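Here the structure is a predicted model, which is why all the values come from computation and not from measurement. We count residues from 1, following the sequence as given.
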Amino acid sequence: MRWLVGWSSIAASFGTVGAVGAGGEGRTVHPVGSQLLWGDPDPLWAVGDWRPDEIRVINAPTPEGAPTTRLAVLGCCGATDEQLRVGLLAARGGAMRHLTAWPGSYTAVVQIGRRITVAGDLAGARPVFHTPWANGTAYATAALPLADLIEAQLDIGHLAALLACPETPEALGDGTPYVGVKRVPPGHALILREGSREITGYEAVASLAVAAPQADPVHAVEGVRDALVEAVRARLTAPRHAPETLPPDPGPVPGMGPAERRAARGAPVPGIGADLSGGSASATLALLAAGLPGLPGTLLGHGTEAGERLLAVTFNDLTTRDHEDELERARAIAANPRLHHVVVPAGEEALPYAGLLENGPITDEPAPSLVVSERHRRRLAAGSADHLVGHGARQVLDAHPARLADLLMDRRRRHLLRPVAALTKAEGATAHSLFVPLALYRAARRLARTSYRTGLETAAGLLPDANRYAPDLDTPADASLAALAWSRPGPAARWLTGEALAEVSVRLQEAAIRPNSAQRPGEARARAALARGAAGHRILEQAAEVRSQRVHAPFLDNQVVRAARAVPESLRVQPGARAAILRRALAGTGIHDLPPGWGAPSQATSAAATRIGLRTALPELMALFDAPLLADAGLVEARVVRKALRAASEGEPLPLDGLADLASTELWLRRLLGRRGTCWTGTAAPRQRAVAGGVVPSRRTLQP
């Protein structure tokens, strides 16, 4: 786990409470395992196993007596030193957006005198957190260290909102699971001036009164192509890193090659690789990385390094047989001579919920990815030291169903024909399918005519009865109809207690009356879904972390997100839009030969594996919810959750995502309360870690 942390104080130095002198003397509190980037009066540290090329500090030349001007960029950034200097000068003039326009995924911190600016990303994969501390403000790219710093308690109200409305920012607000630790929203920057803080957005906000001018579809797709190429190029041009000292190879093992033996020892392969699942997102990144033209020093201007082949990893789930088409597409793509294909077979040991009760890593927050971390860790362990994944492509490129309402607001009714026809076809030849077009049109029109405040107030009124209101999402049409709202209960809401749902309902009612810069409903729901997906990817990185490996998700980069938002809604709502956009992007780079069925959805395979894993791990799940901490906190009733787990394992159609939310949150609570140590050391370091040294949550000890 890697993060940066710093603070800004009112005085020129914290003195006896403070941090560290510029030369490292007088240190009273500092993060464990840290690297000082600059010192008092507003210090900044990098904590964790950062690579040398992932930390870049640029100092601008200043006259004698002028304020210090410097920039720290942490992560994978494709900008040159000269571009960083230009961005620093632009930020000194107030143009913060320049700090977020370079290729790659990174966090930028600018210090100009006593003013500090920390820019978050657009998706939320690299968030920024802050909290009041020692007459100033401390900030970090992880919430847990700040919780340790102020000895924070758990925020049970936030956990309730995370389970009840995970894709509703109004319910979550700017909070975190820790009381007093706040999050900077995606697309915003945190500005500190001598301890005072300000949060401001750096992206232009579209008007609700006038429709934004529609970009040309051809140019918009070309923008996505260029952004993806630059995102992949930023990873390819970065210095290569070999894994640290590996465990000794036991020698030949029957049925295992060198790659399998290395993966079994938990070490990635040196170099760069990518997922190759047969889907459109991972295949696009693998093909771009393997054949990206124009890289210096490559063989014939193609490939990654001269003579090097890209390692393409395909995960083969042996417990299900519904993914044979994906495997065939992956094998067809891997026939490219610049790809070295590795298939990772996995049985019951890699199912969802496998190894549930084992001691896993402590993550910053709970997320459903905790229950599939072992599954992903096995796949990533067979990958490379720098591994590309297609996470985020669905949220970035696909159109949220609520965008149908945006089309009606712009009087583009004819663009509803193709998505409505596709949903009707997916419904099948039934009597119900005849009413799908009318139902979708009415729901989209209702949402287009519903104001932001009315929509939140309606959702708040329905939330206390979420267990009865929970819609049936068996078909794509049902899921689309349920998504055509400003807010809707999450899949786990049906199992929360009435008290927890009532508290989240109050949060929604309070948010409805607060001033806001409401966007169009489709755009707002799409941004919320992207933030949810990016947060899940961030927690998955922490939960399935492999030593000496970096997992790259180029679709979550700022420039890719911006390019995708420029794609017209009329193109995004078409059936198969993501695959079509990526196919055109590949064609623009000279890649045309794609296997039949490329871009077909694969959600059914994931659901089948989840149900099998639930059935296999049922004894461990029942033990997990025998005396759950969630029940002690008043969020669920243990008997109700155990009954739902048993019913789902027997094949009853219950929302598996909701059960994953409950299991991951309970697992996270147990790991958090069982942890030892703290993130801070020094003579003035906190005496306790977060959550008051491991007190079991209850209504008395953990108040909302």
Side-chain angles (χ1 to χ4, degrees), residues 164-172 205-212 214 394-395 398-424 426-427 432 435-463 465-466 469-473 475-491 493 504-505 508-509 511-514 516-532 565 567-575 577:
C165 300
E167 290 188 6
T168 304
E170 293 79 10
L172 300 174
V205 179
S207 172
L208 290 177
V210 181
Q214 289 294 302
R394 180 168 59 89
Q395 292 85 357
D398 282 3
H400 194 280
R403 287 192 181 273
L404 298 177
D406 293 358
L407 292 175
L408 286 180
M409 294 177 68
D410 295 339
R411 301 183 180 275
R412 296 180 179 140
R413 297 181 179 86
R414 62 185 181 87
H415 295 296
L416 271 66
L417 295 178
R418 294 188 64 178
V420 169
L423 288 172
T424 304
E427 195 78 6
H432 175 67
F435 299 96
V436 167
L438 179 61
L440 284 172
Y441 179 79
R442 293 179 61 183
R445 186 179 62 176
R446 186 184 310 114
L447 177 58
R449 296 179 177 181
T450 302
S451 65
Y452 171 83
R453 176 171 180 174
T454 302
L456 288 188
E457 290 176 344
T458 302
L462 294 173
L463 193 58
D465 295 327
Y469 167 74
D472 186 7
L473 306 180
T475 66
D478 293 333
S480 298
L481 285 172
L484 286 167
W486 276 104
S487 172
R488 64 168 177 170
V504 180
S505 176
L508 288 176
Q509 291 174 352
I513 61 177
R514 286 198 296 264
N516 65 87
S517 56
Q519 304 157 332
R520 297 170 182 268
E523 183 181 358
R525 290 298 307 276
R527 289 174 186 258
L530 174 60
R532 169 73 165 168
R565 287 177 178 174
V567 176
E569 293 176 349
S570 57
L571 180 61
R572 295 161 63 97
V573 299
Q574 295 180 12

How close do A485 and A482 get, counting heavy atoms only, and between which atoms?
CB-O, 4.3 Å

Would you indicate whether the side-chain heavy atoms of S570 and R414 approach each other to under 4.5 Å?
no

Listed once per pair and sorted, the salt bridge (Lys or Arg N to Asp or Glu O under 4.0 Å) pairs that draw on residues 445-462, sequence neighbours left out
R453-E457

Flag side-chain contact, heavy atom, 4.5 Å: R527 against R565
yes

Straight-line distance of E170 CD to L456 CG, nearest 0.5 Å:
5.0 Å

Looking at side-chain heavy atoms only, is the closest gap between L462 and P489 below 4.5 Å?
no

Note: A524 and W486 closest approach over all heavy atoms is CB-CZ3, 4.0 Å

Straight-line distance of R418 CZ to L571 CG, nearest 0.5 Å
9.0 Å

Return yes if some donor-acceptor pair links the side-chain N/O of T168 with the main-chain N/O of A171 below 3.5 Å, else return no.
no

Could you go through Y441 and R413, starting from their C-alpha distance and side-chain angles, then the distance that decides it, and tell me whether this counts as side chain to side chain contact (heavy atoms under 4.5 Å, CB included)?
CA-CA 9 Å; Y441 179 79; R413 297 181 179 86; 3.6 Å; yes

Walk me through whether R525 and E167 qualify under side chain to side chain contact (heavy atoms under 4.5 Å, CB included).
CA-CA 8 Å; R525 290 298 307 276; E167 290 188 6; 4.1 Å; yes

CG on L404 to CG on L481, rounded to 0.5 Å
10.0 Å

Determine, stepwise, if the pair D410 / H415 fulfils side chain to side chain contact (heavy atoms under 4.5 Å, CB included).
CA-CA 11 Å; D410 295 339; H415 295 296; over 6 Å; no

Are L440 and L484 side-chain neighbours, meaning at least one heavy-atom pair lies under 4.5 Å?
yes

Between C165 and L172, the two heavy atoms sitting closest are O-CG, 4.2 Å

Could you list the residues that satisfy side chain to side chain contact (heavy atoms under 4.5 Å, CB included) with P169, not counting sequence neighbours?
A528

Tell me the closest heavy-atom pair linking P521 and A402, and the distance in Å.
O-CB, 4.1 Å

Nearest heavy-atom contact between A405 and A444 is CB-O, 3.5 Å

Heavy-atom pair of closest approach, residues R488 and A479
NH1-O, 4.0 Å

Can you tell if the side chain of P419 reaches within under 4.5 Å of the side chain of Q574, non-hydrogen atoms only?
no

Tell me every residue that passes side chain to side chain contact (heavy atoms under 4.5 Å, CB included) with A399, counting only those two or more places apart in sequence or in another chain.
R403, R572, V573

Closer than 4.0 angstrom, basic N to acidic O: yes or no for D406 and R412?
no

